[in-house]
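Taking it in order: structure first as structure tokens, then the write-up.
Labels below follow one simple rule: chain letters A, B, ... track the order of the sequence lines, proteins then strands, and each chain is numbered from 1.
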Amino acid sequence: GAGVSQSPRYKVAKRGQDVALRCDPISGHVSLFWYQQALGQGPEFLTYFQNEAQLDKSGLPSDRFFAERPEGSVSTLKIQRTQQEDSAVYLCASSLAHRETQYFGPGTRLLVL
Amino acid sequence: GNSVTQMEGPVTLSEEAFLTINCTYTATGYPSLFWYVQYPGEGLQLLLKATKADDKGSNKGFEATYRKETTSFHLEKGSVQVSDSAVYFCALTPSMDSSYKLIFGSGTRLLVRP
């Protein structure tokens, strides 16, 4: 079946704008994760959902970052009042259960000018 | 805390050369260990994994052995191909709290020349 999909693939925002990044996980996957990957670095954990419940948001860098998964499938990562330091690739991953293999989407590359 | 350290790249090899990418970790207990690969323009893909000490993960000619005594999980391949050119990430998930959370190294870029 289809893998994890993310949209948009690229996003350019002016500093101070709000952005919304979408993730469509693999159908039937209970767990969903967001990671942030700065240029030349490995991904860093942002947040974790099990179905619609956000069980861990310890990696969100500030209260400008907000994630939701209201029906337990599609998830949206929202960044308010974007700053230049938010420029990164945002990766979404899903897994069948919380300790199963995580499958990653292609990422959304965000550039804040 | 939990962390992963891997050798800096880029690593440049000729086709059919032997590959080693070093990875060491810091973690309590028995984490699960992974190698992910990111081909140009594509998303992260799981390459192999090992979940307990002395386990060997293998896939597509790559292998890595979980060494508890040296806290290492080095990636090896006997004969690399041009198509192996990619960025390789070593990662772990903790054994206890937050066992779902992948913790990545900074990645090693491999370039294989024909």
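Residue Arg109(A) does not touch chain B at all, counting heavy-atom pairs closer than 4.5 Å. With a 4.5 Å cut-off on non-hydrogen atoms, Phe34(B) does not touch chain A at all. Contact of Ser31(A) with chain B is not made at all, since no heavy-atom distance falls under 4.5 Å. Within the 4.5 angstrom heavy-atom criterion, no atom of Tyr103(A) approaches chain B. There is no contact between Gln45(B) and chain A, counting heavy-atom distances below 4.5 Å.
Within 6.0 Å of CD on Glu85(A) lie more than 12 heavy atoms contributed by other residues, nucleotides or ligands. Counting heavy-atom neighbours within 6.0 Å of Glu8(B) CD, excluding the residue itself, gives a total of 12 or less. Atom CG of Leu39(A) is surrounded by 12 or fewer heavy atoms from other residues, nucleotides or ligands within 6.0 Å. Counting non-hydrogen atoms of neighbouring residues, nucleotides and ligands closer than 6.0 angstrom, the CD atom of Glu69(B) exceeds 12 such neighbours. At most 12 heavy atoms of other shown residues, nucleotides or ligands fall within 6.0 angstrom of atom NZ in Lys56(B). For Tyr30(B), the OH atom sits in a loose shell: 12 or fewer heavy atoms of surrounding residues, nucleotides or ligands are nearer than 6.0 Å.
Gln102(A) contributes a side-chain N or O that, together with a main-chain N or O of Tyr100(B), makes up a donor-acceptor pair within less than 3.5 Å.
Closest approach of Lys101(B) to Ser58(A), counting heavy atoms only: NZ-OG, 3.4 Å. In terms of heavy-atom proximity, Arg9(A) sits nearest to Gly41(B) at NH2-O, 4.3 Å. Here the closest heavy-atom approach between residue Phe89(B) and residue Gln37(A) is recorded as CZ-NE2, 3.3 Å. Closest approach of Ser99(B) to Arg99(A), counting heavy atoms only: OG-CD, 3.4 Å.
Note: the hydrophobic cluster containing Tyr90(A) does not contain Leu44(B) (ILVMFWY, side chain heavy atoms under 4.5 Å, direct or indirect links). Taking hydrophobic clusters as Ile, Leu, Val, Met, Phe, Trp and Tyr residues chained together by side-chain heavy-atom distances below 4.5 Å, Val87(B) shares a cluster with Leu91(A). Linking Ile, Leu, Val, Met, Phe, Trp and Tyr residues whenever their side-chain heavy atoms come within less than 4.5 Å leaves Tyr35(A) and Leu47(B) in two separate clusters.
Interface remark: of the candidates Ala97(A), Gly40(A), Pro43(A), Pro43(A) forms the most heavy-atom pairs closer than 4.5 Å to chain B.
Note that CD of Glu44(A) is 10.5 Å distant from OG of Ser106(B), once rounded to the nearest 0.5 Å.
With contacts defined as side-chain heavy-atom distances shorter than 4.5 Å, the pair Phe33(A)/Leu102(B) does not qualify.
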